[in-house]
Structures are given as C-alpha cells and as structure tokens.
Amino acid sequence: MFKSTLKQRFSKFNWNSRAFQSNEPEAKELKFRTTFNHSQKIFWYPQHQSRALRQLQNGLHHIDLVVEVRDARIPLTSINTEFDNILGRRDRLVIYNKSDLANPEMKSSIIQMLNKYKNENVVFTKANKGQNIKAILDYAIQKCNNDPARFPYLSIIVVGPPNVGKSTLINGLRKLGVKKGKVTQVGKKAGVTTSIQTRVKINLDPPIYLVDTPGIFNPHVSTPIEGLKIALTGGTNDSLTSSLNVADYLLFRLNNSYFKNKYPAILGISEPTDSIFDLALHIAKTQNFQIDQNSRLNRITPHLKFKSDESHIEHDFWDLNRGAQYLIDHYYRQGLLGCLTLDDCTEESFKSFFKNLGSQSMVLSKTGYHFEPQIKQ
C-alpha cells in the first residue's frame, strides 16, 4: 500500500524534464529554452467547492452586487467562467488583487480590454496593505445612493478562485467601514475558507452587508500550462504538483523576461541558469535543506538522492524539492524576484480568450507552450 501511494506521489513529476538531466558541463554555450513542455493537468475540486457553488446559485436572489476577486499576476487564467453561468448579468465589480506582485505596466491594458470585451468595472488592490479597497466601498455606497428606494441596504457576495485574498479584502473593508477587526480567517495556502460565511456589516449608513465564499477552482482549466500558472501563484494545494516542475516553469519564465539578468544577484548565483536542478541544489545548500537519511521514504527511493558535485561524500544529499518550493514560496510569491505577470495581456490575447472561453493567443497546445517574444516584463 505504501509503495502504491509512493508511486502516485511521484508519478506527477516529469522525470524526463531538464531537472533530472545530467549536470555535466556542455562544450557549447548554453541556449535557453524558448519552449516549455508540460502535459499533466491539475485535477482539484474539493467537495466544499461544489457545495458552495450550489449554495451560491440557490441564494443568488438575495445578492445586489457581486465582487469577483482575481489574481493580478494571472489576469486571464484566474477568470472562472463558471461564475458567468451562475451570476449571469448581475451587477459585478472585478477586483484584481495582489497587484503589487504583478507588472504595473499591464494594468491599463487589462482595464481597457475587460471594459471593451466584457463591460466590466475593474479595481486593482493590495488587500494585505489596505491599498485601494476604499474604491470598492465607494462603489457600493454610490449604488445605494443612486437608487435609495430600491437599495435601502446592499447585500454583496465575494467570489473568486482560492488564495486570491478574498478574506483579507473583507477584513479590510470591515475595518474601513465600521472600524472593527478581523471577521474571517486568512491564510497563505488555498482552501482556508471552506463554506459560505454568515453576512457581516461593512458599512453603517447606508447599511452594507457582505458574505465571503470559499475559493472556487475552475474545474475546466483548459491547458496544463494554465495549471502551472495557478499552482505557481498558490491557487491550488501544493501537494497536487511537483515543486520541481512548478519551479522549472518559473525559471523558464524568468529567463524569457526582463528579469533574466536580475534574478542571479537575488538568488546568489553568478549568472542565469536554465537548469532547475542546479538552481534547486544551490538553494538547498544555501538553506541547508538536507534529505532525512533516516526516513522510510528516503530509504526506499534511492533515485531521489543527489550527491553534491563539490564534496562527493556519500551522505551529503540535498533536498531539491524543498529548494524548489523555497524558490516558489519565498522568492516568487513574496515578490522578491520582481513583478512578473504570467499571462499575455495584449488585445489579441483577450479577444481570443473571450471568444474561445479560455484559450489564449499565446501558442498553446496540449503538450506545451511556446514563449511569445512580444510579452514584456
């Protein structure tokens, strides 16, 4: 049973990727990849998410305004088309949170394209810093003031994918409107909120109430690359993907961006690298992430041991998975590598996305992704 579980655990890693290719120096100058191949989709749809969708649909007649929160780093990929089917034409305000982690030069393009193709009102926020959340409250107050007979009070529901900062946003609105503290639990991992919460008051006059919902992952993620983007930004349970695969995709994007010549100094390496093996090994050494030699997992999986190139000591093994995860958690998700937007924000991309319900103008296929040079970071 344990061996079967182990096989499932490691089956999601692409053993043919560059992460496990030989680390021998090449005679020719290293050419960085312009194509990233990945074929494994993410399947994650916890029971509480389907239950929340049913409750949302059944209670929609009580809602006056929908606040849909998305991730500014993946402005297209974080759109859940299921909400369009459920919410219909109900008044909606789109919030792109974590805007401090995304490329600020793409903000105007996103606002323009969403207004053009979806007629959506857009606000960019940094909920954890309280920045620009007043615009949300002002929008709701104005809605009441424009038609007080129809809206003597306002009911708002907050929806969006997991781990985009919905609960943080609600706590910020409550603090701003009624000067009270936290009312919903927040966390750095996806799935902290698991049920639709009771409504809370976020403004006194006019009375405005707000309801938080669990993060709802789009079960129809169309490509494996979209899954990697969601995993990289923390939108799924990290155990569903190989940290080396996700970190390898991050490295690929860094090497095809403005940050190619900047991240080596941040990570403490001499020059850019195209090998996630080398980079994860460097981080593991720097952070002293050693594989536990006494664990049962380590004893029965000798192929996961990697000997230091410098010491060649048999017991000197480094935990590459922890090194890769540290690259994701500490460096990327905290914005230490720069403001990197993962989606193509050109008009062609938006037009294609809304026309095909999820396909993008980037060269996407069932097995891989070809980097488009016009994407600037």
Decide yes or no for D100 and C339: does some side-chain heavy atom of the first lie under 4.5 Å from some side-chain heavy atom of the second?
no
Side-chain (K175) to main-chain (I170) donor-acceptor, under 3.5 angstrom
no
Rounded to the nearest 0.5 Å, the CG atom of N163 sits from the OG atom of S78 at a distance of 12.0 Å
Can you tell if the side chain of Q325 reaches within under 4.5 Å of the side chain of I328, non-hydrogen atoms only?
yes
Scanning both residues in full, the closest heavy-atom pair of L244 with A280 reads CD2-CB, 4.1 Å
Not counting sequence neighbours, which residues clear side chain to side chain contact (heavy atoms under 4.5 Å, CB included) with N97? List them please.
V69, T125, A127
Ignoring hydrogens and geometry, is there a side-chain-to-backbone donor-acceptor pair from R333 to L327 under 3.5 Å?
no
Examine distances only and state if a side-chain atom of N115 and a backbone atom of I111 form a donor-acceptor pair shorter than 3.5 Å.
no
With sequence neighbours left out, write down each residue that passes side-chain hydrogen bond (donor to acceptor under 3.5 Å, both in side chains) with K118, or none if nothing qualifies.
D84
Spell out, as yes or no, whether a donor-acceptor pair under 3.5 Å connects the side chain of S352 to the backbone of E348.
no
Run through R33, R253, H38 and flag the one making a side-chain hydrogen bond (donor to acceptor under 3.5 Å, both in side chains) with D248.
R33
Side chains of V211 and V158, heavy atoms from C-beta outward: is any pair under 4.5 Å?
no
K143: partners by salt bridge (Lys or Arg N to Asp or Glu O under 4.0 Å), with sequence neighbours left out
D91
Side chain to side chain contact (heavy atoms under 4.5 Å, CB included) with D147: which residues, sequence neighbours excluded?
A149, R150, F151
Is the backbone N or O of L340 less than 3.5 Å from a side-chain atom of N103, with the two atoms forming a donor-acceptor pair by type?
no
Under the ring pair (Phe, Tyr, Trp, His ring centres under 6.0 Å) rule, collect the residues that match up with Y209, sequence neighbours excluded.
none
Establish whether I133 and V178 are linked, either directly or via other cluster members, by ILVMFWY side-chain heavy-atom contacts under 4.5 Å.
no
Check: S109 side chain, C345 main-chain N or O, donor-acceptor pair, under 3.5 Å:
yes
Is there a side-chain contact between F36 and L228, using heavy atoms and a 4.5 Å cut-off?
yes
Distance-only, no hydrogens or angles: does the R73 side chain make a donor-acceptor pair with backbone N or O of T233 under 3.5 Å?
yes
Those residues that, when tested against N255, pass side-chain hydrogen bond (donor to acceptor under 3.5 Å, both in side chains) (two or more places apart):
Y263, D274
What residues, two or more places apart in sequence or in another chain, satisfy side chain to side chain contact (heavy atoms under 4.5 Å, CB included) together with A140?
L65, L154, I156, I208
For the pair T168 (side chain) and N128 (backbone), establish whether a donor and an acceptor sit closer than 3.5 Å, ignoring hydrogens and angles.
no
Hey, could you give me the CG/CG distance between L93 and N121, rounded to the nearest 0.5 Å?
6.5 Å
I'd like to know if E68 pairs up with R70 as an ion pair, taking the criterion as any Lys NZ or Arg NE/NH1/NH2 lying under 4.0 Å from an Asp or Glu carboxylate oxygen.
yes
Partner residues of N146 under the side-chain hydrogen bond (donor to acceptor under 3.5 Å, both in side chains) criterion, sequence neighbours left out
Q142
Is the shortest side-chain heavy-atom distance between L76 and F350 below 4.5 Å?
yes
Does anything in residues 259-273 form a salt bridge (charged side-chain N to carboxylate O under 4.0 Å, His left out)? List the pairs, not counting sequence neighbours.
none
Measure the shortest side-chain to side-chain distance between S99 and P104 over non-hydrogen atoms and say whether it is less than 4.5 angstrom.
no
Test item: L210 and L173 side chains (from C-beta on) under 4.5 Å apart, heavy atoms
yes
Is the side chain of T341 donor-acceptor paired with the backbone N or O of D343 at a distance under 3.5 Å, no angle test?
no
In short, salt bridge (charged side-chain N to carboxylate O under 4.0 Å, His left out) pairs touching residues 130-141 with sequence neighbours left out are K134-D138
Apply side chain to side chain contact (heavy atoms under 4.5 Å, CB included) to N288 and list each qualifying residue two or more places apart in sequence or on a separate chain.
Q290, W318
Check whether any side-chain heavy atom of N321 lies under 4.5 Å from a side-chain heavy atom of S243, and answer yes or no.
yes
Show me the pairs that pass ring pair (Phe, Tyr, Trp, His ring centres under 6.0 Å) and involve residues 90-146, at least two apart or across chains.
Y96-F124
Can you check whether L267's main-chain N or O pairs, donor with acceptor, with H282's side chain at less than 3.5 Å?
yes
